[in-house]
Amino acid sequence: MRLLADRRRAATQDETESLGRPLPRDFYDRPATVVARALLGRVLVRDATEGRVAGLIVEVEAYRGAADPASHAYRGPTRRNAVMFGAAGHAYVYFTYGMHHCLNLVTGREGVASAVLVRALEPRIGIDSMRRRRGVETLERLARGPGCVAQALGLDLADNGLDVTRPPLWVSDRLPERSGPIAASTRIGIRVATERPWRFFLRGSRFVSGPGGGLRR
DNA sequence: CCACCGATTGCT
DNA sequence: GCAATCGGTGGT
C-alpha cells in the first residue's frame with residue numbers, strides 16, 4: 001500500500017505537469033510593464049500544506065522603478081522594500097492598513113526596484129480553500145482586489161522574498177483557455193497625481209490597459 | 001520615542 | 001462616505 005504522502009506527492013507532480021512549467025527568471029528580468037502584460041492570463045500557483053490553490057492572473061499593476069512616485073521604492077531602499085531592489089523573480093509581499101497583505105512579482109535587473117502588483121485572479125484550483133480563507137462564497141469575490149488575492153492564497157510576510165521560479169509559489173508558462181467573464185477590481189488604489197502606476201487587465205476576452213489610481217487630495 | 005500614513009476592504 | 005488596525009517610515 002502506498003503511503004498517503006507518496007500519493008499526495010504524485011498528485012502534485014501530475015498537476016504540475018498539466019499546469020506546465022514555472023516561468024524562468026529571465027521572464028521576469030524585463031521592464032515591469034512588459035512583464036505585467038505577459039503575466040495576464042497565466043496561472044499563479046500557491047502550494048501550501050493545506051493544498052494547492054491557483055487562479056488565472058486577470059489584473060496587474062506595474063510599478064516602474066525607484067523613479068516612479070507611486071512605488072514603495074520611490075524613497076530608496078528600506079527594510080520593507082528591500083526585495084524590490086533585489087533580483088527579478090521574487091515575491092515582494094507587504095502588509096498594509098494594519099490588516100491586508102499584497103503580492104508583487106519583482107521584475108528587472110538587480111537594483112532596478114520594479115515590480116508587478118497582482119490585483120485579481122480568476123479562481124481555478126483549490127476554490128474551497130479560497131472560500132475558507134476569504135470567508136466568502138462567490139467566485140467573483142474570492143480574489144478580486146490585491147488584499148483579497150493574498151488572503152485567498154494564504155500569503156503573509158513569511159512569504160516575502162520567495163523565489164517565484166519554483167514551488168511553493170510560482171507562475172505557469174501556460175496560457176489556459178478562460179472559462180468566463182473576468183472580474184477586475186473596481187476600487188482604485190494608489191493616489192499619486194504626478195505619475196500613476198500602469199494597470200493591465202482582461203475584460204472578457206479583451207486585453208485592456210490604462211492608468212491606475214486617482215488624484216491625490 | 002512619537003505621530004502620521006498607507007499599492008485596501010467592507011459596511012453604512 | 002468612512003472606520004478598522006498596525007507596521008513602516010521619518011522626524012524629535
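Sequence lines set the chain letters: A, B, ... in the order given, protein chains first and strands last, and positions in each chain run from 1.
Side-chain N/O atoms of R134(A) include one lying less than 4.0 angstrom from OP1 or OP2 on dG10(B). OP1 or OP2 of dT9(C) sits under 4.0 Å from a side-chain N or O of R80(A). The phosphate of dT8(B) has OP1 or OP2 within less than 4.0 Å of a side-chain N or O from R119(A). The phosphate of dT9(B) has neither OP1 nor OP2 within less than 4.0 Å of any side-chain N or O from H100(A). Within the 4.0 Å cut-off from OP1 or OP2 of dT8(B), not a single side-chain nitrogen or oxygen of T96(A) is found.
Note that CD of Q151(A) and CE of M99(A) are 11.5 Å apart. Values are rounded to the nearest 0.5 Å.
Summarising the geometry, the separation between CZ on R75(A) and P on dG11(C) is reported as 9 Å, rounded to the nearest angstrom. A straight line from CZ of R64(A) to P of dA7(B) spans 16 Å, rounded to a whole angstrom. Distance, Y74(A) OH to dG8(C) P: 22 Å, rounded to whole Å. Rounded to an integer number of Å, the gap from CG of L103(A) to P of dT9(B) is 13 Å. F95(A) places its CZ atom 7 Å from the P atom of dC6(C), with the value rounded to the nearest Å. Rounding to whole angstrom units, CZ of residue R141(A) and P of dT8(B) are separated by 15 Å. A straight line from CG of N81(A) to P of dC5(B) spans 20 Å, rounded to a whole angstrom. Residue H101(A) contributes atom NE2, which lies 10 Å from atom C1' of dG7(C) at whole-angstrom precision.
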Q.
Applying side-chain hydrogen bond (donor to acceptor under 3.5 Å, both in side chains) to T138(A) and R141(A), what does each step give before you reach the verdict?
A. CA-CA 6 Å; T138(A) 64; R141(A) 303 306 310 276; 5.6 Å; no
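Comparing dA4(C), dT9(C), dT9(B) by their nearest atom to the side chain of M99(A) picks out dA4(C).
H72(A) and Y63(A) have their aromatic ring centers separated by at least 6.0 angstrom.
You'll find the side chain of L23(A) stays beyond 4.5 Å of the side chain of T165(A), heavy atoms only.
Pair assignment for dA7(B) gives none, since no Watson-Crick or G-U wobble pairing has each distance under 3.5 Å.
No more than 12 heavy-atom neighbours from other residues, nucleotides or ligands sit within 6.0 angstrom of CZ on R75(A).
Aromatic stacking of Y97(A) on dA4(C): not satisfied for centres closer than 5.5 Å together with planes under 30 degrees.
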